[in-house]
Amino acid sequence: MQTDSILIVGTGALATFFAYRLAAAGVSVSMLGTWREGLDALRKNGVRLEGGSHYWVRATDNPAECRNARNALVLVKSWQTERAAGQLMECLAGNGLAATLQNGLGNDLILSESLGRRHVVRGITTQGAALLEPGLVRSGGEGEIVLEASPDLGDLENIMRIAKLKVRIVNDAEPSIWGKLVVNAAINPLTALLRLRNGELLDNVAARALLGELAHETAAVAAALSIHLPYPDPVRAVEDVASRTAENRSSMYQDVLRGARTEVDAINGAVVRLAEREGVPSPVNRIIWSLVKALPVRGKI
């Protein structure tokens with residue numbers, strides 16, 4: 001693939017959103033996935049943004065059709081990362097770079113085991129998106145992309161800036177990753193369990209109290225790991241995000257609504273596992289983790 005092209009691994013909400021923005025800017029976009037309905041819609045109609053036009057992308061389930069990719073964005077669910085790593089082994093170029101913007105912890109390690117550490121960049125995005133139907137996405141407001149600095153990051157950063165995406169490069173992405181983890185560990189499972197939009201958590205006294213407990217517990221684990229969060233007050237930070245994104249349905253809520261497997265293992269589950277290792281109490285995270293795990297799963301995506 002040429003340097004002004006990008007491979008997006010995934011066909012869900014964020015994958016579709018970023019594919020739209022990049023394709024609209026003239027970047028050649030390929031999307032690699034396994035969701036049949038999503039791939040069919042992308043081939044038929046291209047990527048579409050609510051209220052916008054559509055742009056054509058290459059959509060495939062065959063890694064062989066994406067060989068020699070120099071730049072890749074990994075935007076699959078955390079439980080799909082191992083599969084994505086196997087696909088990228090076949091299609092990432094020898095000097096290629098894969099950036100993970102996924103939720104939760106450990107995705108970069110899984111990718112690095114297959115691709116090698118120098119081929120993986122960890123990052124996060126605060127961009128929200130909701131998939132209205134296969135290939136059609138609604139933006140959840142303008143967020144930013146945070147990427148860890150890498151000697152080979154230039155092409156990928158330039159491509160994102162061509163699309164006028166808000167990009168910030170940092171020497172160490174760990175504080176940003178944990179900053180988002182605290183938010184996700186509090187908002188996502190509660191919205192999924194209670195079937196509430198983000199802002200509705202603040203209007204419910206009991207839900208708001210749980211929101212604070214989850215934020216405190218997760219921040220305590222970060223402190224035990226000597227990670228400095230990018231804000232001084234985790235509870236206020238979580239409540240601020242819930243307020244700013246009041247009308248949004250979290251990604252975990254969207255997963256539960258369609259009966260799909262959630263990312264709770266890589267979010268609250270990861271918090272509990274690290275809390276146990278560090279000797280930090282995390283009873284609310286543990287209970288919430290178990291409750292989300294107990295929800296029925298009907299879908300495959």
Side-chain angles (χ1 to χ4, degrees), residues 6-22 29-42 47 57-66 69 71-92 96-115 119-131 134-137 140 143 145-147 156 160 173 177 180-181 184 188 192 250-267 269-270 297 299-301:
I6 193 164
L7 170 64
I8 295 179
V9 186
T11 54
L14 278 177
T16 302
F17 174 83
F18 285 121
Y20 179 91
R21 289 287 299 270
L22 290 159
V29 178
S30 295
M31 299 181 74
L32 176 62
T34 59
W35 180 30
R36 179 55 50 196
E37 291 85 352
L39 291 170
D40 288 345
L42 291 166
V47 285
V57 298
R58 174 193 287 177
T60 181
D61 60 357
N62 183 3
E65 294 182 11
C66 306
N71 307 291
L73 282 182
V74 183
L75 289 164
V76 298
K77 297 295 184 180
S78 57
W79 54 270
Q80 298 171 317
T81 305
E82 189 170 350
R83 186 201 71 212
Q87 293 173 317
L88 282 167
M89 284 180 68
E90 186 171 348
C91 55
L92 197 67
L97 203 62
T100 167
L101 302 179
Q102 299 161 273
N103 286 332
L105 298 180
N107 297 298
D108 61 310
L109 299 178
I110 294 171
L111 292 168
S112 295
E113 285 176 6
S114 297
L115 305 175
H119 295 290
V120 177
V121 170
R122 58 182 181 169
I124 61 110
T125 181
T126 56
Q127 176 65 49
L131 200 65
L136 174 63
V137 70
I145 295 169
V146 177
L147 291 171
L156 183 58
M160 290 182 174
I177 290 170
K180 186 180 181 185
L181 181 70
N184 282 349
N188 289 20
S250 75
S251 58
M252 196 176 293
Y253 183 10
Q254 294 178 55
D255 289 340
V256 169
L257 283 176
R258 67 176 191 272
R261 182 176 172 182
T262 74
E263 297 182 290
V264 73
D265 285 334
I267 299 175
V297 175
K300 295 182 179 179
I301 63 166

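Since we're looking at a predicted model, the values are computed, not measured. This chain uses plain numbering: 1 for the first residue, then up along the sequence.
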If the condition is ring pair (Phe, Tyr, Trp, His ring centres under 6.0 Å), which residues does F17 pass it with, not counting sequence neighbours? none

From C66 atom SG to M31 atom CE, the distance as rounded to the nearest 0.5 Å: 11.0 Å

When you compare the side chains of N103 and K77, does any donor N or O come within less than 3.5 Å of an acceptor on the partner? no

Output all residues satisfying side-chain hydrogen bond (donor to acceptor under 3.5 Å, both in side chains) with T60, sequence neighbours left out; order by chain, then residue number. E65

Could you list the residues that satisfy side-chain hydrogen bond (donor to acceptor under 3.5 Å, both in side chains) with E90, not counting sequence neighbours? R67

With sequence neighbours left out, write down each residue that passes side chain to side chain contact (heavy atoms under 4.5 Å, CB included) with E113, or none if nothing qualifies. none

With A99 via side chain to side chain contact (heavy atoms under 4.5 Å, CB included) - residues at least two apart: L73, V121, L147, L156

Kindly indicate whether the side chain of L92, heavy atoms from C-beta on, has any atom under 4.5 Å from the side chain of L115. yes

State, yes or no, whether a side-chain contact exists between N71 and L7 at a heavy-atom distance under 4.5 Å. no

Set of side-chain hydrogen bond (donor to acceptor under 3.5 Å, both in side chains) partners for N62, sequence neighbours left out: none

Between V9 and Q80, is there a side-chain heavy-atom distance shorter than 4.5 Å? no

Listed partners of D265 passing salt bridge (Lys or Arg N to Asp or Glu O under 4.0 Å), at least two apart: K293

Could you tell me whether the side chain of I6 reaches within less than 4.5 Å of the side chain of S30, counting heavy atoms only? no

If we only count heavy atoms from C-beta on, is the L14 to L101 side-chain gap below 4.5 Å? no

Residue set satisfying side-chain hydrogen bond (donor to acceptor under 3.5 Å, both in side chains) with T81, at least two apart, ordered chain then number -> Q102, N107

CD1 (I124) and CG (N184) are apart, to the nearest 0.5 Å, by 9.0 Å

Tell me every residue that passes side chain to side chain contact (heavy atoms under 4.5 Å, CB included) with L257, counting only those two or more places apart in sequence or in another chain. R195, R249, Y253

So do the side chains of L88 and C91 get within less than 4.5 Å of each other, counting heavy atoms only? yes

What distance do R122 atom CZ and D108 atom CG have between them, rounded to the nearest 0.5 Å? 5.5 Å

Suppose we screen for side chain to side chain contact (heavy atoms under 4.5 Å, CB included). Which residues come up paired with L39, at least two apart in sequence or across chains? T11, R36, R43, A59, D61

Pairs touching residues 10-22 that satisfy salt bridge (Lys or Arg N to Asp or Glu O under 4.0 Å), sequence neighbours left out: R21-E142

Between OG1 of T126 and CD1 of I145, what distance do you get to the nearest 0.5 Å? 8.5 Å

Please examine the side chains of M160 and F18, heavy atoms only from C-beta on, and report whether any two atoms are closer than 4.5 Å. no

Nearest-0.5 Å distance, OG of residue S114 to NE2 of residue H119: 12.0 Å

